[in-house]
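Remember, it's 1-based here, ligands and their atoms both numbered in the order they're listed. Nothing here was measured: the structure is a model prediction, and the numbers come from that model. Values below: every heavy atom of this structure, side chains too, minus hydrogens, waters and symmetry copies.
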Amino acid sequence: MSKYIALSIPNFEGNEKKYVDDALEQGWVSTGGAYITKFEQKMGEFLHVENVAACQSGTAAIHLSLIEAGVVPGDVVIVPPLTFIAAVNPVKYQFAEPVFIDCDDSFCMDPVKLRKFCENECEFCSGTLLYKGKPVKALVVVHVFGNLADMASIMDTAEKYGIKVIEDATEALGSKYAEGELAGRYAGTIGDFGAFSFNGNKIITTGGGGAVTARKPEAVDHMRYLSTQAKDDPHYYIHNEVGYNYRMTNIQAALGVAQMEELPEFIRRKQANYDRYKVLFEKFELCKLIPFRKGTISNQWFYSLEVNRSRITATMREIIESLEKRGVQTRAIWGLINEQIPYRNSAAYQLEKAEYYADRILNIPSSTQITEEEIRYVAEQVREVFESLAGA
Ligand SMILES: *Cc1c(COP(=O)(O)O)cnc(C)c1O
(Lines give C-alpha, C1' and ligand atoms only; values in the text may rest on other atoms or scores of the structure.)
Protein backbone atom coordinates (compact mmCIF):
# COMPACT_ATOMS: atom_id res chain seq x y z
CA MET A 1 0.00 0.00 0.00
CA SER A 2 1.85 3.11 -1.18
CA LYS A 3 -1.03 5.51 -0.66
CA TYR A 4 -0.41 8.30 1.84
CA ILE A 5 -3.08 10.85 2.58
CA ALA A 6 -1.72 13.92 4.34
CA LEU A 7 -3.65 15.94 6.88
CA SER A 8 -3.46 19.36 5.27
CA ILE A 9 -1.05 20.33 2.51
CA PRO A 10 -0.70 23.49 0.43
CA ASN A 11 -2.41 23.80 -2.94
CA PHE A 12 -0.61 25.77 -5.66
CA GLU A 13 -2.87 25.14 -8.64
CA GLY A 14 -3.22 28.81 -9.53
CA ASN A 15 -0.92 31.73 -10.40
CA GLU A 16 1.59 31.12 -7.59
CA LYS A 17 4.61 30.34 -9.80
CA LYS A 18 3.79 33.15 -12.18
CA TYR A 19 3.57 35.84 -9.49
CA VAL A 20 6.59 34.60 -7.53
CA ASP A 21 8.67 34.53 -10.74
CA ASP A 22 7.49 38.05 -11.43
CA ALA A 23 8.58 39.22 -7.96
CA LEU A 24 11.98 37.57 -8.45
CA GLU A 25 12.44 39.12 -11.89
CA GLN A 26 11.64 42.54 -10.53
CA GLY A 27 14.13 41.97 -7.75
CA TRP A 28 11.62 42.93 -5.07
CA VAL A 29 12.06 40.05 -2.64
CA SER A 30 12.06 41.68 0.77
CA THR A 31 9.71 43.86 2.82
CA GLY A 32 8.95 46.31 0.01
CA GLY A 33 7.17 45.74 -3.30
CA ALA A 34 3.87 45.99 -5.09
CA TYR A 35 2.61 42.50 -4.18
CA ILE A 36 2.50 43.43 -0.49
CA THR A 37 0.12 46.31 -1.12
CA LYS A 38 -1.86 44.25 -3.58
CA PHE A 39 -2.21 41.43 -1.09
CA GLU A 40 -3.38 43.84 1.60
CA GLN A 41 -5.96 45.27 -0.81
CA LYS A 42 -7.24 41.84 -1.78
CA MET A 43 -7.59 40.83 1.87
CA GLY A 44 -9.43 44.07 2.64
CA GLU A 45 -11.85 43.62 -0.28
CA PHE A 46 -12.54 40.02 0.66
CA LEU A 47 -13.15 40.81 4.34
CA HIS A 48 -14.99 44.09 3.65
CA VAL A 49 -12.57 46.07 5.81
CA GLU A 50 -10.76 49.28 5.02
CA ASN A 51 -7.25 48.51 6.16
CA VAL A 52 -5.16 45.34 6.47
CA ALA A 53 -1.45 45.10 7.30
CA ALA A 54 0.45 42.09 5.98
CA CYS A 55 3.01 40.77 8.40
CA GLN A 56 5.43 37.96 8.95
CA SER A 57 3.22 35.49 10.81
CA GLY A 58 -0.05 35.03 12.62
CA THR A 59 1.90 35.18 15.87
CA ALA A 60 3.29 38.59 14.88
CA ALA A 61 -0.26 39.73 14.02
CA ILE A 62 -1.46 38.76 17.50
CA HIS A 63 1.56 40.38 19.14
CA LEU A 64 1.01 43.64 17.23
CA SER A 65 -2.67 43.57 18.24
CA LEU A 66 -1.80 43.19 21.92
CA ILE A 67 0.66 46.09 21.71
CA GLU A 68 -1.91 48.23 19.91
CA ALA A 69 -4.55 47.26 22.48
CA GLY A 70 -2.26 48.79 25.09
CA VAL A 71 -1.37 45.58 26.90
CA VAL A 72 1.60 46.29 29.16
CA PRO A 73 3.49 44.31 31.83
CA GLY A 74 1.22 43.32 34.72
CA ASP A 75 -2.03 43.45 32.71
CA VAL A 76 -4.33 40.45 32.51
CA VAL A 77 -5.36 38.95 29.16
CA ILE A 78 -8.14 36.36 28.92
CA VAL A 79 -7.17 33.44 26.67
CA PRO A 80 -8.35 29.96 25.64
CA PRO A 81 -6.67 26.79 26.96
CA LEU A 82 -7.55 24.48 24.04
CA THR A 83 -5.84 25.93 21.00
CA PHE A 84 -2.45 26.43 19.37
CA ILE A 85 -0.02 28.00 21.84
CA ALA A 86 0.80 30.85 19.40
CA ALA A 87 -2.51 32.44 20.43
CA VAL A 88 -1.21 32.81 23.98
CA ASN A 89 2.57 33.25 23.80
CA PRO A 90 2.36 36.90 22.67
CA VAL A 91 0.68 37.69 26.00
CA LYS A 92 3.95 36.63 27.65
CA TYR A 93 5.97 38.70 25.14
CA GLN A 94 4.20 41.71 26.70
CA PHE A 95 4.92 40.40 30.22
CA ALA A 96 1.18 40.27 30.81
CA GLU A 97 -0.67 37.52 32.67
CA PRO A 98 -2.92 35.07 30.83
CA VAL A 99 -6.09 33.78 32.49
CA PHE A 100 -7.58 30.69 30.86
CA ILE A 101 -11.34 30.52 30.21
CA ASP A 102 -13.09 27.31 29.14
CA CYS A 103 -14.43 26.55 25.67
CA ASP A 104 -17.93 25.53 24.62
CA ASP A 105 -18.87 22.70 22.24
CA SER A 106 -17.54 24.69 19.27
CA PHE A 107 -14.05 24.53 20.94
CA CYS A 108 -14.18 28.35 21.03
CA MET A 109 -14.42 30.51 24.16
CA ASP A 110 -17.50 29.87 26.29
CA PRO A 111 -19.33 33.22 26.43
CA VAL A 112 -21.27 32.23 29.54
CA LYS A 113 -18.17 31.36 31.54
CA LEU A 114 -16.48 34.51 30.28
CA ARG A 115 -19.41 36.52 31.62
CA LYS A 116 -19.39 34.67 34.93
CA PHE A 117 -15.64 35.16 35.29
CA CYS A 118 -15.98 38.91 34.80
CA GLU A 119 -18.98 39.16 37.12
CA ASN A 120 -17.88 36.86 39.92
CA GLU A 121 -14.09 36.79 39.93
CA CYS A 122 -13.30 40.40 39.02
CA GLU A 123 -14.06 43.88 40.29
CA PHE A 124 -15.27 46.65 38.02
CA CYS A 125 -13.67 49.86 39.26
CA SER A 126 -14.18 53.22 37.52
CA GLY A 127 -14.33 51.72 34.03
CA THR A 128 -11.59 49.12 34.52
CA LEU A 129 -12.10 45.45 35.17
CA LEU A 130 -9.64 44.19 37.76
CA TYR A 131 -8.64 40.59 38.41
CA LYS A 132 -6.74 40.26 41.69
CA GLY A 133 -6.05 43.97 41.44
CA LYS A 134 -4.67 43.83 37.89
CA PRO A 135 -6.39 45.39 34.86
CA VAL A 136 -8.06 42.94 32.45
CA LYS A 137 -6.98 44.75 29.32
CA ALA A 138 -7.78 42.34 26.51
CA LEU A 139 -9.06 38.94 25.51
CA VAL A 140 -7.94 36.66 22.71
CA VAL A 141 -10.74 34.61 21.17
CA VAL A 142 -9.78 31.86 18.70
CA HIS A 143 -12.10 30.66 15.94
CA VAL A 144 -10.92 27.08 16.29
CA PHE A 145 -10.65 24.94 13.12
CA GLY A 146 -12.65 27.56 11.20
CA ASN A 147 -15.59 27.37 13.57
CA LEU A 148 -16.83 30.78 14.67
CA ALA A 149 -17.00 31.73 18.33
CA ASP A 150 -20.22 33.24 19.66
CA MET A 151 -18.93 36.74 19.01
CA ALA A 152 -22.20 38.59 19.60
CA SER A 153 -22.24 37.41 23.17
CA ILE A 154 -18.49 37.77 23.73
CA MET A 155 -18.57 41.36 22.40
CA ASP A 156 -21.44 42.22 24.79
CA THR A 157 -19.35 41.22 27.78
CA ALA A 158 -16.17 42.80 26.45
CA GLU A 159 -17.91 46.11 25.75
CA LYS A 160 -19.60 46.12 29.12
CA TYR A 161 -16.26 45.74 30.90
CA GLY A 162 -14.01 47.74 28.57
CA ILE A 163 -11.98 44.73 27.41
CA LYS A 164 -10.31 44.93 23.98
CA VAL A 165 -11.08 41.92 21.81
CA ILE A 166 -8.45 40.28 19.61
CA GLU A 167 -9.90 37.71 17.25
CA ASP A 168 -7.44 35.00 16.38
CA ALA A 169 -8.86 34.20 12.95
CA THR A 170 -5.72 32.37 11.88
CA GLU A 171 -7.74 29.21 11.18
CA ALA A 172 -10.91 30.93 10.03
CA LEU A 173 -10.16 33.07 6.98
CA GLY A 174 -13.48 33.15 5.10
CA SER A 175 -15.73 31.92 7.92
CA LYS A 176 -18.75 34.19 8.36
CA TYR A 177 -22.05 34.53 10.15
CA ALA A 178 -25.18 33.72 8.15
CA GLU A 179 -27.79 34.76 10.72
CA GLY A 180 -28.37 37.18 13.55
CA GLU A 181 -26.97 40.63 14.17
CA LEU A 182 -23.59 39.64 12.73
CA ALA A 183 -24.94 38.15 9.47
CA GLY A 184 -22.46 38.64 6.62
CA ARG A 185 -19.55 39.53 8.91
CA TYR A 186 -16.30 37.59 8.62
CA ALA A 187 -14.13 36.10 11.35
CA GLY A 188 -11.52 38.66 12.31
CA THR A 189 -13.65 41.72 11.50
CA ILE A 190 -15.88 41.88 14.56
CA GLY A 191 -13.57 42.50 17.49
CA ASP A 192 -11.16 45.40 17.93
CA PHE A 193 -8.44 43.43 16.15
CA GLY A 194 -8.31 40.42 13.82
CA ALA A 195 -5.25 38.26 13.18
CA PHE A 196 -4.74 35.91 10.23
CA SER A 197 -2.06 33.33 9.41
CA PHE A 198 -0.77 31.96 6.14
CA ASN A 199 1.41 29.22 7.49
CA GLY A 200 1.79 26.04 5.44
CA ASN A 201 -1.27 24.18 6.69
CA LYS A 202 -3.73 27.09 6.82
CA ILE A 203 -6.51 27.48 4.23
CA ILE A 204 -4.25 29.72 2.14
CA THR A 205 -0.50 29.89 2.59
CA THR A 206 2.38 32.22 1.84
CA GLY A 207 4.90 29.73 3.23
CA GLY A 208 4.82 31.71 6.42
CA GLY A 209 2.98 34.96 6.90
CA GLY A 210 0.17 36.78 8.57
CA ALA A 211 -2.09 39.79 8.45
CA VAL A 212 -3.78 42.03 10.94
CA THR A 213 -6.84 44.23 10.74
CA ALA A 214 -8.60 46.45 13.27
CA ARG A 215 -11.86 48.27 13.73
CA LYS A 216 -9.97 51.58 13.54
CA PRO A 217 -8.07 51.96 10.24
CA GLU A 218 -5.49 54.22 11.96
CA ALA A 219 -4.67 51.37 14.33
CA VAL A 220 -3.76 49.22 11.31
CA ASP A 221 -1.50 52.00 10.00
CA HIS A 222 0.22 52.12 13.35
CA MET A 223 0.72 48.35 13.48
CA ARG A 224 2.17 48.47 9.93
CA TYR A 225 4.55 51.15 11.16
CA LEU A 226 5.57 49.05 14.16
CA SER A 227 6.12 46.06 11.84
CA THR A 228 8.73 47.99 9.84
CA GLN A 229 10.98 48.94 12.77
CA ALA A 230 8.89 52.06 13.47
CA LYS A 231 10.71 54.02 10.81
CA ASP A 232 9.49 57.61 10.82
CA ASP A 233 11.34 59.05 7.89
CA PRO A 234 12.10 57.57 4.45
CA HIS A 235 15.60 59.08 4.27
CA TYR A 236 16.95 59.51 7.79
CA TYR A 237 16.96 56.78 10.37
CA ILE A 238 14.49 58.30 12.76
CA HIS A 239 12.52 56.00 15.03
CA ASN A 240 10.12 57.42 17.58
CA GLU A 241 8.99 54.07 18.97
CA VAL A 242 10.36 50.58 19.50
CA GLY A 243 9.57 48.68 16.30
CA TYR A 244 9.73 45.09 15.10
CA ASN A 245 10.88 43.23 12.03
CA TYR A 246 7.39 41.87 11.42
CA ARG A 247 6.62 42.88 7.83
CA MET A 248 5.62 40.36 5.16
CA THR A 249 8.02 40.01 2.22
CA ASN A 250 7.08 40.64 -1.40
CA ILE A 251 7.77 36.97 -2.31
CA GLN A 252 5.33 35.82 0.36
CA ALA A 253 2.81 38.41 -0.81
CA ALA A 254 3.15 37.22 -4.44
CA LEU A 255 2.16 33.76 -3.25
CA GLY A 256 -0.60 35.34 -1.19
CA VAL A 257 -2.16 37.23 -4.10
CA ALA A 258 -2.40 33.97 -6.08
CA GLN A 259 -3.81 32.13 -3.07
CA MET A 260 -6.45 34.82 -2.48
CA GLU A 261 -7.67 34.28 -6.05
CA GLU A 262 -8.31 30.65 -5.13
CA LEU A 263 -9.71 31.12 -1.63
CA PRO A 264 -13.42 30.87 -2.60
CA GLU A 265 -12.73 27.62 -4.45
CA PHE A 266 -10.70 26.24 -1.51
CA ILE A 267 -13.59 26.99 0.84
CA ARG A 268 -16.07 25.37 -1.54
CA ARG A 269 -13.97 22.20 -1.65
CA LYS A 270 -13.50 22.09 2.13
CA GLN A 271 -17.26 22.31 2.55
CA ALA A 272 -18.02 19.67 -0.10
CA ASN A 273 -15.46 17.28 1.39
CA TYR A 274 -16.85 17.77 4.88
CA ASP A 275 -20.28 16.78 3.55
CA ARG A 276 -18.79 13.63 2.02
CA TYR A 277 -17.23 12.62 5.33
CA LYS A 278 -20.51 13.38 7.07
CA VAL A 279 -22.36 10.78 5.01
CA LEU A 280 -19.59 8.23 5.58
CA PHE A 281 -19.55 8.66 9.37
CA GLU A 282 -23.30 8.78 9.81
CA LYS A 283 -24.59 6.15 12.24
CA PHE A 284 -21.05 5.07 13.16
CA GLU A 285 -21.22 4.88 16.90
CA LEU A 286 -17.45 4.75 17.68
CA CYS A 287 -16.89 8.34 16.68
CA LYS A 288 -18.82 11.32 15.46
CA LEU A 289 -18.00 14.10 13.04
CA ILE A 290 -18.33 17.39 14.92
CA PRO A 291 -20.66 19.93 13.25
CA PHE A 292 -19.82 23.60 12.73
CA ARG A 293 -21.82 26.25 14.55
CA LYS A 294 -25.41 26.75 13.43
CA GLY A 295 -26.13 30.06 11.76
CA THR A 296 -22.63 30.35 10.32
CA ILE A 297 -20.89 29.51 7.06
CA SER A 298 -17.54 28.13 8.12
CA ASN A 299 -14.46 27.78 5.92
CA GLN A 300 -14.40 24.23 7.38
CA TRP A 301 -10.62 24.30 7.52
CA PHE A 302 -10.20 21.24 9.78
CA TYR A 303 -12.60 18.36 10.38
CA SER A 304 -12.89 16.88 13.86
CA LEU A 305 -13.93 13.43 14.94
CA GLU A 306 -14.96 12.92 18.54
CA VAL A 307 -13.80 9.53 19.76
CA ASN A 308 -16.44 7.66 21.74
CA ARG A 309 -14.51 7.19 24.98
CA SER A 310 -17.06 4.80 26.47
CA ARG A 311 -16.09 2.32 23.74
CA ILE A 312 -12.49 3.22 22.89
CA THR A 313 -9.87 3.56 25.60
CA ALA A 314 -6.79 3.53 23.33
CA THR A 315 -4.62 6.63 23.61
CA MET A 316 -4.60 9.22 20.85
CA ARG A 317 -1.04 8.17 20.09
CA GLU A 318 -2.17 4.57 19.48
CA ILE A 319 -5.00 5.72 17.23
CA ILE A 320 -2.78 8.09 15.25
CA GLU A 321 -0.04 5.48 14.83
CA SER A 322 -2.48 2.80 13.66
CA LEU A 323 -3.87 5.16 11.04
CA GLU A 324 -0.39 6.28 10.01
CA LYS A 325 0.48 2.63 9.25
CA ARG A 326 -2.51 2.56 6.91
CA GLY A 327 -1.34 5.68 5.13
CA VAL A 328 -3.70 8.14 6.78
CA GLN A 329 -2.25 11.15 8.57
CA THR A 330 -4.31 12.41 11.49
CA ARG A 331 -3.59 14.53 14.53
CA ALA A 332 -4.89 15.02 18.03
CA ILE A 333 -6.26 18.34 19.21
CA TRP A 334 -3.72 20.34 21.21
CA GLY A 335 -2.57 19.64 24.73
CA LEU A 336 -4.04 22.17 27.16
CA ILE A 337 -1.93 25.32 27.22
CA ASN A 338 -2.45 25.87 30.95
CA GLU A 339 -0.72 22.50 31.52
CA GLN A 340 2.41 23.46 29.57
CA ILE A 341 5.45 24.38 31.68
CA PRO A 342 5.43 28.16 31.01
CA TYR A 343 1.73 28.40 31.94
CA ARG A 344 1.33 26.08 34.92
CA ASN A 345 1.14 28.95 37.37
CA SER A 346 -1.43 30.91 35.39
CA ALA A 347 -5.04 31.08 36.55
CA ALA A 348 -7.54 28.77 34.85
CA TYR A 349 -11.25 29.32 35.39
CA GLN A 350 -13.64 26.35 35.55
CA LEU A 351 -12.08 24.26 32.78
CA GLU A 352 -14.39 21.37 31.93
CA LYS A 353 -15.11 21.20 28.21
CA ALA A 354 -11.49 21.93 27.30
CA GLU A 355 -10.38 18.98 29.43
CA TYR A 356 -13.15 16.80 28.03
CA TYR A 357 -12.26 17.46 24.39
CA ALA A 358 -8.45 17.41 24.85
CA ASP A 359 -8.51 13.61 24.91
CA ARG A 360 -11.27 13.03 22.37
CA ILE A 361 -10.69 15.02 19.21
CA LEU A 362 -8.94 13.65 16.15
CA ASN A 363 -8.48 15.75 12.99
CA ILE A 364 -8.71 13.85 9.71
CA PRO A 365 -7.31 14.75 6.26
CA SER A 366 -8.82 17.94 4.86
CA SER A 367 -6.50 19.15 2.08
CA THR A 368 -8.28 20.90 -0.76
CA GLN A 369 -6.84 18.40 -3.27
CA ILE A 370 -8.18 15.30 -1.52
CA THR A 371 -10.25 13.15 -3.90
CA GLU A 372 -13.59 11.47 -3.26
CA GLU A 373 -11.87 8.11 -3.43
CA GLU A 374 -9.32 9.21 -0.82
CA ILE A 375 -12.10 10.41 1.45
CA ARG A 376 -13.77 7.02 1.21
CA TYR A 377 -10.42 5.39 1.95
CA VAL A 378 -9.85 7.56 5.04
CA ALA A 379 -13.32 6.83 6.39
CA GLU A 380 -12.86 3.11 5.80
CA GLN A 381 -9.50 3.06 7.60
CA VAL A 382 -10.83 5.08 10.53
CA ARG A 383 -13.79 2.71 10.87
CA GLU A 384 -11.58 -0.39 10.73
CA VAL A 385 -9.08 0.97 13.25
CA PHE A 386 -11.80 2.08 15.65
CA GLU A 387 -13.64 -1.25 15.32
CA SER A 388 -10.49 -3.20 16.09
CA LEU A 389 -9.70 -0.96 19.08
CA ALA A 390 -13.24 -1.23 20.43
CA GLY A 391 -13.18 -5.00 20.06
CA ALA A 392 -9.84 -5.40 21.82
C1 LIG B 1 -1.48 28.95 13.08
C2 LIG B 1 -2.00 29.57 14.31
C3 LIG B 1 -1.41 30.71 14.88
C4 LIG B 1 -0.09 31.27 14.46
O5 LIG B 1 0.12 31.55 13.17
P6 LIG B 1 1.63 31.55 12.61
O7 LIG B 1 1.47 32.18 11.28
O8 LIG B 1 2.06 30.13 12.56
O9 LIG B 1 2.46 32.36 13.53
C10 LIG B 1 -2.00 31.29 15.98
N11 LIG B 1 -3.12 30.80 16.51
C12 LIG B 1 -3.71 29.68 16.02
C13 LIG B 1 -4.97 29.21 16.66
C14 LIG B 1 -3.16 29.02 14.92
O15 LIG B 1 -3.75 27.92 14.47
Side-chain angles (χ1 to χ4, degrees), residues 7-10 39 43 52-67 77-94 98 100-101 103 106-109 138-149 151 154 165-175 187-188 191 193-213 223 227 244-249 251-253 255-256 259-260 266 270 292 298-304 331-338 340 342-343 354 357-358 361 363 366-367:
L7 187 72
S8 176
I9 52 171
F39 181 62
M43 284 280 297
V52 176
C55 58
Q56 180 226 54
S57 66
T59 312
I62 296 164
H63 189 199
L64 289 168
S65 301
L66 288 168
I67 296 167
V77 179
I78 293 170
V79 296
L82 187 63
T83 191
F84 186 45
I85 201 159
V88 180
N89 280 338
V91 173
K92 288 272 187 186
Y93 303 165
Q94 289 304 99
F100 294 92
I101 300 280
C103 62
S106 72
F107 311 137
C108 305
M109 189 174 285
L139 72 82
V140 179
V141 53
V142 180
H143 302 293
V144 178
F145 301 147
N147 211 355
L148 283 157
M151 283 303 288
I154 289 170
V165 174
I166 295 151
E167 285 183 82
D168 177 336
T170 52
E171 304 181 356
L173 174 60
S175 294
F193 301 92
F196 299 87
S197 166
F198 315 112
N199 209 331
N201 70 354
K202 299 300 201 290
I203 193 157
I204 66 164
T205 185
T206 60
V212 64
T213 188
M223 289 188 280
S227 79
Y244 300 82
N245 183 7
Y246 274 176
R247 189 72 166 144
M248 180 179 271
T249 70
I251 296 184
Q252 291 168 316
L255 264 177
Q259 291 272 286
M260 278 307 285
F266 289 171
K270 294 260 185 195
F292 291 89
S298 168
N299 71 356
Q300 307 199 349
W301 173 63
F302 260 30
Y303 313 140
S304 309
R331 53 156 248 187
I333 202 167
W334 306 274
L336 295 179
I337 299 175
N338 55 296
Q340 314 291 328
Y343 294 102
Y357 284 118
I361 298 301
N363 296 126
S366 65
S367 306

Would the distance check show the side chain of Ser367 and the main-chain N or O of Ile9 forming a donor-acceptor pair, the cut-off being under 3.5 Å? yes

Looking only at protein heavy atoms, what sits closest to atom 2 (C) of ligand 1 is Lys202 NZ, 3.0 Å

For ligand 1 and Asn199, I'd like to know whether there is a polar contact (N/O to N/O, distance under 3.5 Å). yes

Mind checking whether Phe84 has an N or O less than 3.5 Å away from an N or O of ligand 1? no

List ligand 1 atoms under 4.0 Å from Glu171, heavy atoms only on the residue side. 12 (C), 13 (C), 14 (C), 15 (O)

When Phe145 is tested against each of Trp334, Tyr357, Phe84 for ring pair (Phe, Tyr, Trp, His ring centres under 6.0 Å), which residue passes? Trp334

Any Phe100 side-chain heavy atom under 4.5 Å of Val79 side chain: yes

Residue Ala86 vicinity, atoms of ligand 1 by number, heavy atom under 4.0 Å: 3 (C), 4 (C), 10 (C)

Within the distance-only criterion (no hydrogens, no angle test), does the side chain of Gln252 pair as donor or acceptor with the backbone N or O of Gly208 below 3.5 angstrom? yes

Please write down residue, atom name and distance for the protein heavy atom closest to atom 9 (O) of ligand 1. Thr59 OG1, 2.5 Å

Proximal atoms of ligand 1 relative to Gly209 (non-hydrogen, under 4.0 Å): 7 (O)

Between ligand 1 and Thr83, is the shortest N or O to N or O distance under 3.5 Å? no

Less than 6.0 Å separating the ring centroids of Phe39 and Phe198? yes

Under 3.5 Å between some N or O of ligand 1 and some N or O of Trp334? no

Does the Gln56 side chain pair with the main chain of Tyr246, one donor and one acceptor, at a distance under 3.5 Å? no

Decide side-chain contact (heavy atoms from CB on, under 4.5 Å) for Tyr93 and Thr59; before the verdict, give the C-alpha distance in whole Å, the side-chain angles of both, and the deciding distance to 0.1 Å. CA-CA 11 Å; Tyr93 303 165; Thr59 312; 3.7 Å; yes

To check your reading of the model: name the closest protein heavy atom to atom 5 (O) of ligand 1, its residue, and the distance in Å. Ser197 OG, 3.2 Å

Just to be sure I'm reading this right: ignoring hydrogens, which of Val144, Ile85, Thr170, Val88 gets closest to atom 14 (C) of ligand 1? Compare them by their nearest heavy atoms. Thr170

Indicate yes or no for a side-chain donor-acceptor contact from Ser366 to the backbone of Ser8 under 3.5 Å, with no hydrogens or angles considered. no

Given that the side chain starts at C-beta and the backbone is N, CA, C, O, which of these parts of Asp168 lies under 4.0 Å from ligand 1, counting heavy atoms, or is it both or neither? side chain

Can any side-chain N or O of Gln259 pair as donor or acceptor with the backbone N or O of Thr205 at less than 3.5 Å? yes

Taking only heavy atoms of Val142, which atoms of ligand 1 are found under 4.0 Å from at least one of them? 13 (C)

